[in-house]
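Down below is the structure, laid out as structure tokens.
Along the sequence shown, the residues carry numbers beginning at 1. Atoms within a ligand are numbered from 1 in the order they appear, just like the ligands themselves. Every value quoted in this text rests on a predicted model; they were computed, and no experiment measured them.
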Amino acid sequence: MSLHIVILAAGQGTRMKSRLPKVLQPLGDRPLLTHVVETALALKPERVHVVYGHGGDVVQDRLGYLDVQWVEQAEQKGTGHAVQQAMPEIPDEAQVLVLYGDVPLTSIETLQYLVDEAAGRAVSLLTMTLDDPAGYGRIVRDDSAAIVGIVEQKDATPAQQAIREVNTGLLTCPAERLRHWLANLDNDNAQGEYYLTDVIAKAVHDDVPVVSVQVRDTWEAAGVNDKRQLATLERIFQQRQAEQLMMQGLTLKDPARFDLRGSLEFGKDVIIDVNVVLEGQVKLADGVHVGPNCVLRNCELGEDTQVLENSVIEHSRIGANCHIGPFARLRPDTVLADKARIGNFVETKKANIGPGSKINHLSYVGDAEVGRDVNIGAGVITCNYDGAYKHKTEIGDNVFVGSDVQLVAPVKVAEGATIGAGSTITKDVEAGQLAVSRARQISRDGWLRPSKVSKKNVDQE
Ligand code: UD1
Ligand code: CA
């Protein structure tokens, strides 16, 4: 028996009040639907079918690479009608699992359990018990506690509305039966829709066993309809991720103030302080410390490197024993060799900084090759842009660049050279030379500053 998974994703999600279709709203920086598809694929199904409607082009533009079958539901006539759109592609002997594109956090274990419980013969339903069941379909049971059907909130009698066990919407059915039941649905209900939930009563009528599995953690079945619910699930997602990372040995000063929006590889004794955001693919080697309020996006940090508070690093490769920040900004294609130091208010971009080199204060180094053991003083700027093109600055080993120097690219400063403070360097400097280009100082004795003539004196004249 093969497993076919149908993901319902045709809803508009008007309550999100967004230009994005609901299933593209980000959770941990990935679309809601991506989470559901990844969970679905982890169950190793024969096929995953995604029923799309509203914003279908945009969804397929963004997620077309996913290994799923796209099925259009042009008009949204209800959950039963939505599943029916996928049925022509599903063989009779299959087991069908229905998931929702806006319910992102169901665990693989729970779904596997739901699939196994039905064993391809029964219908299995994922249910949960809520203190406030408002809005959900209620699970109706008979005196022997056997499920007899699901009744939607809008169709429920007051007695049925008091039932606290609700339908999560996730269920499995044998395909052949499901095809038959769906073909016989009617829309004679309060919403004028073809309800998938009506297949339960049909199963009971046809003596097909209906079993239920209860989720304990209700977030597993929680859906996203508005930005509040999206934020709630984001916190749960982050908290669970943080717990897993801590179990793998990561030290988080406060897991409630840590966000990983992507993937993290880390070694031993890595410590992350509060309010750190990691995005994309981040790799932190043994002994890396990341101070408070840092953002690291797609980067790799070598052993024992320290990043101090309020630093931003993106698309960069950092060696071992480097010292970065506080308040440093490493922009894309920065490569720091071992023991390099980047201090406060320093910005780098497309820069190769050699081992042991230091740029400690208030500088911009872009489109640059910097050798080993170079000292770049405070306020040094590589003038890399002439208004049309970017040019390169090359600085050899052991160069000393004094404070407040502009290096007008393209320019080369060969090894061991010294650049005097306040210089504007427009010509190449040879190895071992001193280059100074500032104006000479003039000093005058007894200099009298101009002084203002007072108003009173002017009137008397
Ligand atoms: C549905 C269930 C209800 C359950 C609740 C759980 C039915 C009739 N009711 O109600 O028992 O408690 O989910 O959240 O199934 N969708 C389509 N095409 C459609 C209609 C819906 O793809 O024509 C998709 C939506 O995008 C959404 C999912 O199906 O992902 C559920 O639809 P929604 O309208 O939210 O169902 P509810 O009324 O909440
Ligand atoms: Ca819903």
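Remark: ligand 1 atoms within the under-4.0 Å shell around heavy atoms of G137 are 3 (C), 4 (C), 11 (O), 12 (O). Taking a cut-off of under 4.0 Å to the non-hydrogen atoms of T168, the atoms of ligand 1 that pass are 6 (C). Contact atoms of ligand 1 toward T197: 7 (C), 8 (C), 9 (N), 11 (O), 15 (O) (distance under 4.0 Å to a heavy atom of the residue).
No donor-acceptor contact under 3.5 angstrom links the side chains of N187 and Y195, judged on distance only. No side-chain N or O of R138 forms a donor-acceptor pair with one of Q160 less than 3.5 Å apart.
Remark: the backbone N or O of L308 is paired with a side-chain donor or acceptor of S311 at under 3.5 angstrom. Distance alone, capped at 3.5 Å, places no donor-acceptor pair between the E165 side chain and the M128 backbone.
Ligand 1 has D102 within reach: a non-hydrogen atom of the residue lies less than 4.0 Å from it. Within the 4.0 Å heavy-atom shell around ligand 1 one finds A9. Not close to ligand 1: V51, with no non-hydrogen atom less than 4.0 angstrom away.
For A10, heavy-atom contacts with ligand 1 shorter than 4.0 Å involve the backbone as well as the side chain. Under 4.0 Å from ligand 1, not a single heavy atom of N225 appears. Heavy atoms of Q73 found under 4.0 angstrom from ligand 1 belong exclusively to the side chain.
By the 4.0 Å N-to-carboxylate-O rule, K253 lies too far from D273 to be salt-bridged with it. Under 4.0 Å is where a charged nitrogen must lie from a carboxylate oxygen, and between R164 and D131 at least one such pair does. A salt bridge is defined here as a Lys NZ or Arg NE, NH1 or NH2 lying under 4.0 Å from an Asp or Glu carboxylate O, and E279 with R261 meets this definition.
Partner of H4 under the side-chain hydrogen bond (donor to acceptor under 3.5 Å, both in side chains) criterion, out of R47, E46, H49: H49 alone.
When V103, N167, L125 are checked for heavy-atom proximity to atom 12 (O) of ligand 1, N167 turns out nearest. The option with the heavy atom closest to atom 10 (O) of ligand 1, from among E152, Q84, Q153, is E152. Of the candidates V71, V83, T79, the one placing a heavy atom closest to atom 32 (O) of ligand 1 is T79.
Ring-plane geometry between Y52 and W70 is classed as perpendicular, the angle between the planes exceeding 60 degrees on a 0 to 90 degree scale with a lower cut at 30.
Within a 6.0 Å radius of CD in Q281, other residues, nucleotides and ligands contribute 12 heavy atoms or fewer.
Any N or O atom pair closer than 3.5 Å counts here, and G11 shares at least one such pair with ligand 1. On a distance-only criterion, L196 and ligand 1 share no N/O pair closer than 3.5 Å. Between Y100 and ligand 1, at least one N/O pair is under 3.5 Å apart. Polar contact check, G169 against ligand 1: no nitrogen or oxygen pair lies under 3.5 Å apart.
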